[in-house]
Number of protein chains: 2
Amino acid sequence: MLFLIGLGLGTKDLSALALEEIKEADQLLLETYTSFIPKEYADFIARQAGREPKQIKRKDLEDDIKHTVAMAKDKKVVILVPGDPLIATTHSIILNEAKAQKIKCEVIHAPSVFSIAIGESGLDVYKFGPTVTIPFWSDKYKPRSFIDSINKNLQNGQHTLVLLDIDQKNSRPMRISEAMEIMMNAISEKSAVSAETEILILANLGRHDKEIRQVKLKDMNSLSKVLEGKVLSLIVPGELSFAEKDSLYRVLSNP
Amino acid sequence: MLFLIGLGLGTKDLSALALEEIKEADQLLLETYTSFIPKEYADFIARQAGREPKQIKRKDLEDDIKHTVAMAKDKKVVILVPGDPLIATTHSIILNEAKAQKIKCEVIHAPSVFSIAIGESGLDVYKFGPTVTIPFWSDKYKPRSFIDSINKNLQNGQHTLVLLDIDQKNSRPMRISEAMEIMMNAISEKSAVSAETEILILANLGRHDKEIRQVKLKDMNSLSKVLEGKVLSLIVPGELSFAEKDSLYRVLSNP
C-alpha cells in the first residue's frame, strides 16, 4: 500500500493520523523537491518514525515512479511531501501510476499554502480569482500570462494569490527582488497592475516567525534584506470591503 | 494566550503541534457550529487532552467573545475549530477581539475543504474561479447570486468549488436534494449552468469512506439515498484539459 502524506508549511504540521502511519512504514521517502523543510522538522520526523527518511528529489521520484509504486505492492511505502500532497499537481502522476498498477493509495492531507495564505491575509475567501505562479524567466522564455490573469482578477474586483516559482537546479525559492523584477518587466501601460499597485507579501507562513507586509510593487526590493531566506507568497488585493479593510489592518499591524 | 486550532475534515487531522498544545490547555473549547465532528474524533481529542473539551455553539462563542478572549489573559485557552481556523471567516472576529484586548493569539492550521476538494477532484488548481456557497432559501429570501458567480466562472472556462450551507437551527448540512432544488430554481434560460450541466459531488472528504461522483444537475436527486448523512461539497467543472480529463477519469473510476 502507498501513502502520500502532506507535511504542511510549519515545523510540525503533519497530522495525528500521519504520525501513526509513518511509524509503521516499511519504506519512508521524503520528497525534497524544495529544501524548505527546516532541519528541526526533518529531525522531528526521524524521531517519530524511529529512522531517517530517505530523501529523494522530485525528478528522481518522477523518473523512477513505476518502480517506487511497484514497491508498494507488498510493502507499506510512505512518501512525505511538503504542503498538501494533492495541491502540487505533479503528484497526480503518482496517483495515476498507482491506479494503473492497481495498488491502493491513501492520501493524508495537510495545510496548504493555498488555504493558509488566503486565511492569514484576512481577505474574503470568496473573492479570490484563479491563483497564479510567477515563473523564472530565461533569455528565451519570458512568459507574461500570469500578469494577464492578475489583470483579469483585478478587473473583476478579485484578489489573486501569487505563488513564486522554485529554482529547481539550485533548490531555492524565488527571491523578492527576482519576483519584483519579473513583475515590473511583465506589466505594460495597459495592465491593471502597475508599479504603484499595493502587494501583500506573506513570509514563512505556518511558522512562528511568519510575517505579512504590504508594499508597492516598485518598492518590493526594499524588503530584500529582511525577507532573505524566507519562503514567500504574494497576494494582489482587488477591491476591499469594510470588513476586509478591518482585518487587513489587524494583519498588518505589529503584534 | 489564545490558540485557534484547526481540526481538518478527517478523524485525526489535527497536527502534531496541535496535539502538544491541547495537552497543556487550561481551557479546552470545541466549537460545534456543525455537528460534523464524528464521535470517534471527539473521543480521540478527549483521550489526547486527558479531558473532555467543553462544547460551544458558534453563536455562543460570538455572543460571549469578549469574555472568552479575556479568559486567555492569564490562562492558555484553546478553541478547536472544524476545518482550517481561518477559512471560516467568522473566526476573524476572534482574532480582531484578541488584538483589541492585546492578547497573543496563535493559529494552528489544518487541512481545509478549500484545498482538499480541489486537490481530490484532480482538476487544475490554477483554473478555479471564486468559490461560492449555496445558501438555504426561505419564503422571503431566495438569493441567486451564487449562480451568477458560477456562470461567470464557466464563461471564463473556470471551475467552481461550491460549498453547501449549514442548517444552523438543526445543526445539519444541506442535503443533495435541497442543493439540487435550489440550483434548479436559481438557473434561468440565460444561465451557463443548466439542468444538463455535469456536477462533481464530493462526499466525506478526508475520511476513509470518501467518494466522488459525477451527475447531471437534474439527476442529483438520484443520489439522495447513497449520500444520506454525508458531508458534501460540489464542483462545477469548466473547460477540461487533456490532463484534467485523465485525472478526472481516475478519480471517478472505482477503486
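Chain identifiers are assigned alphabetically (A, B, ...) following the order of the sequence lines, protein sequences preceding nucleic acid strands; residue numbering begins at 1 within each chain.
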Answer key: most heavy-atom pairs under 4.5 Å with chain B among A:A110, A:A100, A:G129 is A:A110
Looking only at heavy atoms, the pair that brings A:K99 and B:S253 closest together is CE-OG, 3.1 Å
Select, from A:N96, A:L19, A:L9, A:T133, the one with the greatest count of heavy-atom pairs under 4.5 Å involving chain B.
A:N96
A:F44, part contacting chain B, at a heavy-atom distance under 4.5 Å:
side chain
Residue A:H159 versus chain B: region with a heavy atom under 4.5 Å:
neither
If you count heavy-atom pairs under 4.5 Å with chain B, which of A:Q48, A:K210, A:E20 comes out on top?
A:E20
Heavy-atom side-chain contact between B:S15 and A:S15 under 4.5 Å
no
Kindly compute the distance separating CG (B:D84) from CD1 (A:I118), expressed to the nearest 0.5 Å.
10.5 Å
Can you tell which of B:V107, B:N156, B:I108 has the highest number of heavy-atom pairs within less than 4.5 Å of chain A?
B:N156
Is the number of heavy atoms from other residues, nucleotides or ligands within 6.0 Å of NZ (B:K23) greater than 12?
yes
Pair count under 4.5 Å, heavy atoms only, with chain B: among A:S112, A:P111, A:G122, A:G119, highest is A:P111
Pair count under 4.5 Å, heavy atoms only, with chain A: among B:V132, B:L95, B:D13, highest is B:L95
Return yes when atom CD of B:E106 has more than 12 non-hydrogen atoms of other residues, nucleotides or ligands closer than 6.0 Å, and no otherwise.
yes
When heavy-atom pairs shorter than 4.5 Å are enumerated against chain A, which of B:T131, B:L205, B:L163 gives the highest number?
B:T131
Option that, when pairs with chain A are counted at under 4.5 Å, heavy atom only, ranks first among B:E120, B:H208, B:K127
B:E120
Heavy-atom cut-off 4.5 Å, strictly under: side chain, backbone, both or neither for A:F114 against chain B?
both
Can you tell me if NZ on A:K104 sees more than 12 non-hydrogen neighbours from other groups inside 6.0 Å?
no
Do B:Q158 and A:P130 have side chains that approach each other closer than 4.5 Å (heavy atoms only, starting at C-beta)?
yes
d(B:L17 CG, A:L14 CG) to nearest 0.5 Å is 10.5 Å
